[in-house]
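Each remark here refers to the structure printed beneath this line.
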There are 2 protein chains.
Amino acid sequence: MNLLFQYFKQFNTLSKEAEAAIVAISSIVTIKKGKDLQPIGHTCKTIYFINKGVARIYYFKDGIDITESFFFENNIIARVESLFTGKPSRKAIQVLEDSEVVAINANQLFKLYDTFPEIERLFRKIFEAAYVETVNRIEGMQFHSAEERYNALLSEAPNVLMRVPLKYVASYLGITQVSLSRIRAHR
Amino acid sequence: MNLLFQYFKQFNTLSKEAEAAIVAISSIVTIKKGKDLQPIGHTCKTIYFINKGVARIYYFKDGIDITESFFFENNIIARVESLFTGKPSRKAIQVLEDSEVVAINANQLFKLYDTFPEIERLFRKIFEAAYVETVNRIEGMQFHSAEERYNALLSEAPNVLMRVPLKYVASYLGITQVSLSRIRAHR
DNA sequence: TTAATTATTTATCTTATGTTAAAGGATTAG
DNA sequence: CTAATCCTTTAACATAAGATAAATAATTAA
């Protein structure tokens, strides 16, 4: 869990006791490419951290598979619209490569907030940063053509295009696979 | 500031001391229709709560005014991409009616987090809820036609359409004013 | 390794939305 | 109250992206 605690340090430094408390409610999970880490309809009670692999959050709209977001090594994943509301999620988390993740029990984590304000602060900051990213993404979606969005992704997150099947990238960009092919073929 | 503390109760109940501490770093601001509460290029150091009025966050893309979001009575506004990063914001907050807001000094608020964990928790929950709304909005923007987005707004937030000039609604929906007129004219 | 499946591209046609311009309404300022 | 400004709609045309289908290309499983 070294990577995880390295990651935490970016946001808030934890005491040994706090680190131990987090270790006690966490476990390592390995999962094969293509499998769902969490299924649709399930209420999110786990926060994941990716040690190795790639994952996406996806859902179905009118029977069509739509990717909401991608996650790579050294990042937290959670379906926050379920985690923070306690409602079942209409979304699933799937890994796109054989992966290893740290699974943190969210209910136990939230209990730790009472005893360790430093842990509450840590996760406050983590989710504030995630919130900022989401707000920035909205800006990217307003009034940008599909081609602009593709080019932005190419320059800001080329790893997405290297490691993720294009059909998932297309729905992430809000376009069809056919349109994405057309754009890649240079117009 | 009654409305504000009523609003807070939805998220976390505060002690009298904590409430007093917040009152001490807050002030009431009245501002005329059309004025900017915070200008573009300014680093966000204030969290606002709307007692009365309507506001929007907007920015310019290629010289075109784009509305990122609307805010009504009984809600918090902040340009979180600046507030949580300390960087200047490319966005402004403007009121669309004569308005009255509570201005909370953010730096002083963040200092209160150390003495009042209950205040840190309160704002953690407030921004978690705002984060969830933003994630839901992304879902609304992926693979929905302009007409679907207009109809969704009409049923979920009719007050936007009642109180806000349509030219601002158009950019919020990610379309031109002309397209919005066409959609409203029933196709 | 080969067959089967899955992913990507290409082609054609259709449609929604953008662009520009102009006219009609509504609101604001003097 | 009137003129000036700003907002909204309408029209005509251009273009980006959707839909469907079929052809390649790449992966996976037997």
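Order of the sequence lines fixes the chain letters, A, B, ..., with proteins taken first and strands second; residue numbering starts at 1 for each chain.
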Test side chain to side chain donor-acceptor pair (under 3.5 Å) applied to B/Tyr172 - qualifying residues, sequence neighbours left out: none
Nearest-neighbour nucleotide for the B/Ala185 side chain, C/dT10, C/dT17, D/dT10 considered: D/dT10
Carboxylate-amine/guanidinium contact A/Arg124 A/Glu120, below 4.0 Å: no
Near-ring test A/Phe127/A/Phe84, centroid separation under 6.0 angstrom: yes
Euclidean distance, atom CZ of residue B/Phe143 to atom P of D/dA19 [Å, nearest integer]: 8 Å
Distance in angstrom units between B/Arg182 CZ and C/dA21 C1', rounded: 14 Å
B/Glu97 CD - C/dT28 C1' separation (whole Å): 16 Å
B/Ser179 side-chain proximity, nearest of C/dG18, D/dT10, D/dA17: C/dG18
Closest nucleotide among D/dT8, C/dA7, D/dG18 to the A/Ile175 side chain: D/dG18
Sugar-phosphate or base contact per nucleotide [nucleotides 20-30 of chain D; S, B, -; heavy atom under 4.0 Å]: BB------S--
Output field: ring centroids B/Phe70/B/Tyr58 closer than 6.0 Å: no
Residue met sooner reading DNA chain D from 5', once A/Leu180 and B/Lys167 are mapped to nucleotides: B/Lys167
Whole-Å distance separating the CD atom of B/Gln177 from the P atom of C/dG25: 17 Å
Nearest-Å distance for atom pair CG/P, residues B/Asp62 and C/dT19: 10 Å
Neighbour count >12 (heavy atoms, 6.0 Å) for atom NZ, B/Lys35: no
Sugar-phosphate only, base, or nothing, as touched by B/Gly174 at under 4.0 Å among non-hydrogen atoms: sugar-phosphate
Closest to the B/Thr176 side chain, choosing from C/dT17, C/dT8, C/dT19: C/dT19
Nearest-Å distance for atom pair OH/C1', residues A/Tyr168 and C/dA7: 10 Å
Rounded distance (Å) that lies between atom P of D/dC7 and atom CE of B/Met162: 19 Å
CA sep, side-chain torsions, deciding dist, call: A/Ser171, B/Gln142, side chain to side chain donor-acceptor pair (under 3.5 Å): CA-CA 8 Å; A/Ser171 67; B/Gln142 277 184 317; 5.7 Å; no
Heavy-atom neighbours of A/Asn2 CG exceed 12 at 6.0 Å: no
Integer-rounded Å distance: D/dT10 P and B/Ile183 CD1: 13 Å
